[in-house]
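Worksheet: the structure to be examined is printed underneath.
This one's a predicted model, so the numbers in the text were calculated from it and none came from an experiment. Just so it is clear: chains get the letters A, B, ... in the order the sequence lines come, proteins before strands, and each one is counted from 1.
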Amino acid sequence: MAEPAYTVASDSETTGEEKLSATFSETAIGIDIGTSQCSVAVWNGSQVELLKNTRNQKMMRSYVTFKDENPSGGVSSQLANEQDVLSGAAIFNMKRLIGRVDTDPVVHSSKSLPFLVQTLGIGVRPLIAALVNNVWRSTTPEEVVAIFLVELKAMAEIRLKRPIKNVVLTIPASFSRFQLTRIERACAMAGLHVLRLMPEPTAVALLYAQQNASQNTNTGSEKIALIFNMGAGYCDVAVTATAGGVSQIKALAGSAIGGEDLLQNMMRHLLPDSESLLTSCGLDDIKSVGLLRVATQEAIHSLSSQTNVQVDVDLGNGTKICKVVDRGEFEEVNQDVFDKCASLIIQCLHDAKVDTEDVSDVIVVGGCSYIPKIKSLVMSTCKKQELYKGMNPLEAAVSGAALEGAVASGLSDPFGSLDLLTIQATPLAIGIRADGNNFVPIIPRSTTMPAQKDLIFTTAHDNQAEALIIVYEGEGKKVEENHLLGYFKITGIPLAPKGVPEIRVILDIDASSVLRVLAGVLMPGSHQPVNPVMGVRMPTVDDGHGWCAEALNRVYGSTLDLVTVQRKI
Amino acid sequence: MSNKHLLTSLSSVLRRTLTPTSHFSFNSTRWFQSGTFFSPNVKTHHRLFPCSGLDFLEIHKIPGKCFTSSQSAEKASAKCWNCSAAAEAVPFLFCSSCRCIQPVDQSVDYFQIFGLERKYDSVVDNLEGKYKDWQKKLHPDLVHTKSKEEREYAAEQSARVIDAYLTLSKPLARAIYILKLEGVDVDEEETLSESELLTEILEIREAVEEAADSQALVQIQSQMQEKLKHWSNSFANAFRSRNFDEALKAIRRMTYYERVKETIVKKL
Ligand SMILES: [Zn+2]
């Protein structure tokens, strides 16, 4: 059915009902763009199938090499050896950088990557560049992601012998709505239409729901599973309650910690005082760091199956590392990362209001699931003796995305294998700035979607005629710890002592996951808003949004502040 | 943002939340002028937040629109909007002949959605299972490929089933809801006049503020749980004997104990 054609460019990038007008004649494919590897899967009519590239790989490295004018990605190109990826010409780990500003600690920790990540520390996007013929050629995370999405699309089109348009993409649970718009931008650049963005553990939950539905036809019995998914860039946890093919996400938790952090901590352990080398942009230094990176990665892999490993590497700058490292050292230097993993699990169980004894299955997937310490910490935090065995840890998320792609494309299966549904929950709280510099959540995290919630605020000053509604998403208590989604001003508040006007702010997430913020003013004794209500679709911010909050603060200070209306207990 | 876009966006929000029976004649401009948005039946989660005087369930009090005995006759004539098959089941949210989602019928109350008798202590056995069964038929994700009408019905029905589930699964929300179905309003923000309750609340508040450690808080938490259970039972009795004053008294207490619990959760 034809929908109104919107012509506003900034809106066409974002999710929305207009997206639904796309054609659904083809089964959507599932794509998992990992920080280090990506994969594609599709429902082939009877089961999920992972697609292989011309080199017969199901898992492809997520990088793009810039040589001369033609960038090429890890899906199609064959590199002579690992060092080629680390020569300065290859850009990777973009999932860690997409939609982040240069004040973000995650961006700073990416400065040791063997290409250019330049930060000015002012809240704008970092400059990212690859070394091409001894010149730093700038690019963006969106462009890099789009390049390998184009390659994945081409590969899938060859394998499936049909054009590919619709995709279900997995994303980290901790991605803000702003980051999601960047991923959608990358998809649009690659000519792909996003049917759904699925937090990775919820894709795994859908696969689990399917496995359970086929084993157990009794709709009544509900099983609770905890899913722990840790890759190179992100760690996500979900608690799902599954019955009869329906997976209801009870809670989600996530953080930008992953194998990359384990690797960097280990590199610093192997080469103390290496900070200046790691962040250097000199050609030789990049090569040295690249060598160190490869050697460390290999050592970590070995430590998954053996208790110690000999590291022997010549960094080519006069430094040689020759050292035996044992598993205990690896676990010790990464204690903080492991502690954070455990705290995410505890938080997720708490949010889901689930005790460990209620959990039937504990599922550990993702590239880090091979690390013994990860397995043991998840088991001990969940008080379980064993982990769920029915899934390939590297293929679970993309398989779940392919299932969702089939369901969302309206496919059904004679054996009921697609009789599935995920009831999603919000991964992050959404709220506004109020009570000074505090973030006041209106829709808490892990709220079932679609959702609509409101909260009443009031003026902070006597005779305050205007108020700023500044919308954030995240978990921090202070606004600056959260992602800014957008802002607008309420005007025409009748002059009254502070605390009298009621500013009602309503957040609505609709069935297409579109967020709208509505705000209006009520005076005591009236149910009619004083002025037309403001309704703004979020996010409205574009790049450089770190600036916006500061600029607002500089111009308005606290003059347009809001405070929450205190409830009497 | 173009004006047209804004209006279309807003009207689609409202179509879901407003509870109109005639979605397609809904005019967003009217909404802007009249401020319908702030009128009672917009808010589905209003009970969670203070907003004095707004009665979000007013729709249920409209005569003739409610669960009267004439309703069954009305129901029998209900037809699927898509294939015209007669409604074979109450509630008729979904047509089993053509698998089409039906528009929201406000006269179907939350108890009817789950096939429960309208009693406070209706057995809420496996409510979650029934909720999921509905979502499996009504969820908007499942009708992506269908017409715009049906996608809107799905969004509305599915959101309403979520509300029904959340309302019935919580004792306090269930109590407030069932009283409203009887035409009795609960003003959650009214000033306390019972001095005995006021004293008790002040004492509890003090105890929470002065709690030395999390163990002390947990202890208060379980006391609140006990009290909630007690007052939930007395609500059930009062409601059964249609003693609404007594029922309101129980709700007032449950409201305060729930707030104490929330406060403790925040502190823990
Ligand atoms: Zn029908």
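- Considering only heavy-atom pairs separated by less than 4.5 Å from chain B, the leading option among A:I423, A:T540, A:T448 is A:I423.
- Heavy-atom distances place the backbone of A:T242, and not its side chain, under 4.5 Å from chain B.
- At a cut-off of 3.5 Å, with distance as the only test, a side-chain donor of B:Q225 or B:K261 sits close to an acceptor on the other residue.
- The salt bridge (charged side-chain N to carboxylate O under 4.0 Å, His left out) check on A:K489 picks up A:E466, with sequence neighbours excluded.
- Counting heavy atoms from C-beta on, the side chains of A:I443 and A:I509 come closer than 4.5 Å.
- Residues satisfying the ring-ring contact (aromatic ring centres under 6.0 Å, His included) criterion with A:Y208, sequence neighbours excluded, are A:Y388.
- Within the 4.5 angstrom heavy-atom criterion, only side-chain atoms of A:E404, from C-beta onward, approach chain B.
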